[in-house]
Chemist: 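Here you go, one structure.
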There are 2 protein chains.
Amino acid sequence: MGIPASGATTLADVAARAGVSLKTASRAVNGEQHVREETRAKVLSAASDLGFQLNSSASLLARGIASSFVGVVTGDLANPFYAMLAQGAASELRAHQLSVTLGSSDESSAQEEVLVDELARRSVRAVIAASAMTSHAPYAALQRRGVPVVFVDRAPTDLDADSIVLDNAGGARAAAEHLLAGGHRRIAFLGDFERLPTYRERLDGFTAAMDAATGAVDAGWRELVREGAHDPEVAARVTGELLDAANPPTAIFASNNRATLGVLRELARRGDTTTALVGFDDFDLAEVLGVTVVAHDARAMGAQAARLVVERLADPRRDTELVRLPTRLVTRGSGERAPRA
Amino acid sequence: MGIPASGATTLADVAARAGVSLKTASRAVNGEQHVREETRAKVLSAASDLGFQLNSSASLLARGIASSFVGVVTGDLANPFYAMLAQGAASELRAHQLSVTLGSSDESSAQEEVLVDELARRSVRAVIAASAMTSHAPYAALQRRGVPVVFVDRAPTDLDADSIVLDNAGGARAAAEHLLAGGHRRIAFLGDFERLPTYRERLDGFTAAMDAATGAVDAGWRELVREGAHDPEVAARVTGELLDAANPPTAIFASNNRATLGVLRELARRGDTTTALVGFDDFDLAEVLGVTVVAHDARAMGAQAARLVVERLADPRRDTELVRLPTRLVTRGSGERAPRA
DNA sequence: GCGTTCGGTGACAGCGTTGTCACCGCGGTG
DNA sequence: CACCGCGGTGACAACGCTGTCACCGAACGC
């Protein structure tokens, strides 16, 4: 009943209609104590009559809170890894009355800088970032302003901040060792952009395994290390080149899900069913395709990041934490193919 | 220089430091005109010295704007369809100074209701929803309050609102006709939750094709229509049941990406390479696996939804629009397998 | 030379909410 | 019976910013 308000209805309207003071109405709609049940009911009914909704800007302002949003910066939501990460963070944050706002950088530093700037302008309460930048100055600026920044997947080296990363070296090493144990002597490594620490760590783990196997591996194994295979197209092309070479690898380690995708496309294209493959990152159809992978839990990573955010929000001066999440090798066949004689 | 501010620095601090009035500082940081370049530089430098950042709540409040966020409600971000949708919306909205806040309902009506409520509390400017609800009362409430709601993928029947959907019937019909043309007489239909309009439309299209082919198809084809295959596990189980039946289908139409995934798992598990398959929704590895699909552009859908939001924000009383996006059949092999003799 | 315009600047009153403090009346305490 | 404590309520001043309006001086037109 009553004409739909032309402008927005305010708490004052509700208070007037309920015949109470502004403050009492505020207490009622916020579920605070010190309000008689009867009064509260009166206010709530008036509010619902008017279709009232608290103005969050005004509320935030009055309470001296920047906002209730946490920015999540990822490379590309189309990558399920990031999507799961975001979802893990979002659901954990919701439990703490925080919402998530999203931005994709497409792995471009420039774009990411714009994103961070946008988040700053939105006065986000904290930021969770899977950063593709090498210099994290924009994040440092946020930190200085008291906005917690938690890095996921990739820890910054030029900034002291909470971070949560995978055991990249360990996972890659396990993959390499698995292939070596299977008798492979020529194993190709398909890396991502050189600047990404994840890639470098994975290469380190891979290298460690290869070095430990000196004598058992071809001396020239380093020639089979390729980088820059950030998207499936490049990965597919590089795979083709590797396999067309004079002395092709008998196994491939794809250092992330997109590289794996590219390898699979190329192998399928040429009907190659003998080259062994282990990929970093699990994916939906890996089971169907029988792809052996280094798996981990992206959702847990997001949730953990959210927890770090909440903890730092509670105590800004606590020591920064570096969480390293385990990976596990899931064998499904492609990594167990014997080397071609 | 100067001690890092204990609390937040305000525009007043900046103004004081620059020796100008509050209003002039405001004009300078907001890039408004009527400020001498020299003055602007002075203010900007003071702002950067102090690490100043405009308080968005205060700014929004003063300008009488609810917020700069648009809520995007989806089923589950882990589903690439939703992830792309969200990304499409986000990047289009960014061009209009709007940010996206995300919520996943896990396709649960209860959860979705909570989400919408949360969005309302955050005073979002508009909502884009891939709703799994049958009754859209919570959205109607938002609309009444002047918050534009745009439905994607699934249009509500109990609410007049801008919507953007796929040509579900057309896509499903094309898939069925394709299989029929290939000689199949027993085609199974794997549906989603019965309550989802997308599923019903796809079934309608499928039915239309089958009906048009009366005589050519088995009279009992309706027995091969199954629903509730919302996740891969159920889809896989149902597929198994269908194929184990006395008179199994020679082809399967999976009505969404998760159903397709389930079917693929089950076919792989039993080493079945003869049953034909067409899936609704494209996916990364479809090419590798040679899966024929009804494809569409989720990102475009999100972008289009964002455009509708912007338009309605500009003119709240314009007629609501229903956009129907085309689908296209992409043949890759699985849909072209001949029926078993 | 006087009125007019206009770029540049500032004072001030909100925007809608919440924190603080004060107040009122009632029941329990000594 | 005076006092205190406390549940319930309200007045009022913030919160940090922007819109409005007013003001000042310099450039301009006639």
Side-chain angles (χ1 to χ4, degrees), chain A residues 5-44 46-47 50-68 97 120-125 145-146, chain B residues 5-44 46-47 50-68 97 120-125 145-146:
Chain A
S6 59
T9 54
T10 74
L11 193 49
D13 302 334
V14 174
R17 183 177 178 111
V20 300
S21 78
L22 184 54
K23 182 61 203 179
T24 297
S26 167
R27 276 192 271 254
V29 300
N30 284 298
E32 290 174 28
Q33 54 189 161
H34 297 308
V35 185
R36 225 187 330 158
E37 264 325 306
E38 189 189 325
T39 312
R40 182 189 308 279
K42 223 167 32 181
V43 172
L44 259 30
L50 297 173
F52 169 77
Q53 187 71 47
L54 214 50
N55 178 317
S56 71
S57 289
S59 172
L60 251 23
L61 177 60
R63 283 180 300 170
I65 297 177
S67 91
S68 47
Q97 331 290 352
R121 266 204 311 277
R122 301 280 189 246
S123 303
V124 292
R125 192 86 177 284
R145 245 183 250 125
Chain B
S6 58
T9 52
T10 74
L11 191 49
D13 302 334
V14 174
R17 184 177 178 112
V20 299
S21 78
L22 184 54
K23 182 61 205 184
T24 296
S26 167
R27 277 191 271 254
V29 301
N30 283 299
E32 289 174 28
Q33 51 188 168
H34 298 308
V35 185
R36 223 185 332 157
E37 265 324 307
E38 189 191 325
T39 312
R40 182 190 307 278
K42 222 166 35 179
V43 172
L44 259 29
L50 298 173
F52 169 77
Q53 187 69 47
L54 213 50
N55 178 317
S56 71
S57 289
S59 173
L60 252 21
L61 178 59
R63 285 180 299 169
I65 297 178
S67 92
S68 47
Q97 329 292 350
R121 265 205 311 276
R122 301 282 189 243
S123 305
V124 291
R125 193 86 176 284
R145 245 183 251 125

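All values derive from a computational prediction rather than experimental measurement. Labels below follow one simple rule: chain letters A, B, ... track the order of the sequence lines, proteins then strands, and each chain is numbered from 1.
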Chemist: Just how far is it from atom CZ of A/R40 to atom CG of A/N30, taken to the nearest 0.5 Å?
Modeler: 9.5 Å

Chemist: In whole Å, what is the span from the CG atom of A/N55 to the P atom of C/dG14?
Modeler: 18 Å

Chemist: Within the 4.0 Å heavy-atom criterion, would you say A/L60 contacts the bases, only the backbone, or no part of the nucleic acid?
Modeler: nothing

Chemist: Write out a two-atom table: protein N or O, nucleotide N or O from nucleotides 22-26 of chain D, distance below 3.5 Å.
Modeler:
none

Chemist: Output the residues of residues 18-35 of chain B in contact with DNA chain D, where contact means a heavy atom of the residue under 4.0 Å from an atom of the strand; sort by number or write none.
Modeler: B/L22, B/K23, B/S26, B/N30

Chemist: Ignoring backbone atoms, test whether B/R63 places a side-chain nitrogen or oxygen under 4.0 Å from the OP1 or OP2 oxygen of C/dC15.
Modeler: no

Chemist: Is the shortest heavy-atom distance from the side chain of B/I65 to the side chain of B/R125 under 4.5 Å?
Modeler: yes

Chemist: Measure from the side-chain heavy atoms of B/S59 and tell me the nearest of D/dT18, D/dG16, C/dT17.
Modeler: D/dT18

Chemist: Looking only at heavy atoms, what is the nearest atom pair of B/Q53 and A/R121, with distance?
Modeler: NE2-CA, 3.5 Å

Chemist: How would you list, by chain and number, every residue that makes a side chain to side chain contact (heavy atoms under 4.5 Å, CB included) with A/S57, sequence neighbours excluded?
Modeler: A/N55, B/S57, B/L60, B/L61

Chemist: Rounded to the nearest Å, what distance is computed from the CG atom of residue B/D13 to the P atom of nucleotide D/dG16?
Modeler: 9 Å

Chemist: Of the nucleotides D/dT9, D/dC15, D/dC17, which has the atom closest to the A/T39 side chain?
Modeler: D/dT9

Chemist: What are the two closest non-hydrogen atoms of A/A28 and A/L44, and how far apart are they?
Modeler: O-CD1, 4.0 Å

Chemist: Holding to side chain to side chain contact (heavy atoms under 4.5 Å, CB included), I want the full list of residues that pass it with A/A62, two or more places apart in sequence or in another chain.
Modeler: none

Chemist: What's the CG-C1' distance between B/L61 and C/dG14, to the nearest Å?
Modeler: 9 Å

Chemist: Within this structure, what is the CG-to-P distance between A/L54 and C/dT17, rounded to whole angstrom?
Modeler: 5 Å

Chemist: Between B/T9 and B/V14, is there a side-chain heavy-atom distance shorter than 4.5 Å?
Modeler: no

Chemist: Can you tell me the distance, in whole Å, between the CG atom of B/L11 and the P atom of D/dG19?
Modeler: 13 Å

Chemist: How long is the span from the CG atom in A/L22 to the CZ atom in A/R27, to the nearest 0.5 Å?
Modeler: 10.0 Å

Chemist: So for the helix from C/dG1-D/dC30 to C/dG30-D/dC1, with five pairs setting each end axis, what is the inter-axis angle to 10°?
Modeler: 40°

Chemist: Is the backbone of B/S123 close enough, under 3.5 Å, to the side chain of B/S67 for a donor and an acceptor to pair up by distance?
Modeler: yes

Chemist: With B/K42, which residues qualify under side chain to side chain contact (heavy atoms under 4.5 Å, CB included), at least two apart?
Modeler: B/V20

Chemist: Would you sort out whether B/S68 and B/Q97 count as a side chain to side chain contact (heavy atoms under 4.5 Å, CB included), showing the intermediate values?
Modeler: CA-CA 7 Å; B/S68 47; B/Q97 329 292 350; over 6 Å; no

Chemist: Grab the CD1-P distance between B/I65 and D/dG19 for me, whole Å please.
Modeler: 9 Å

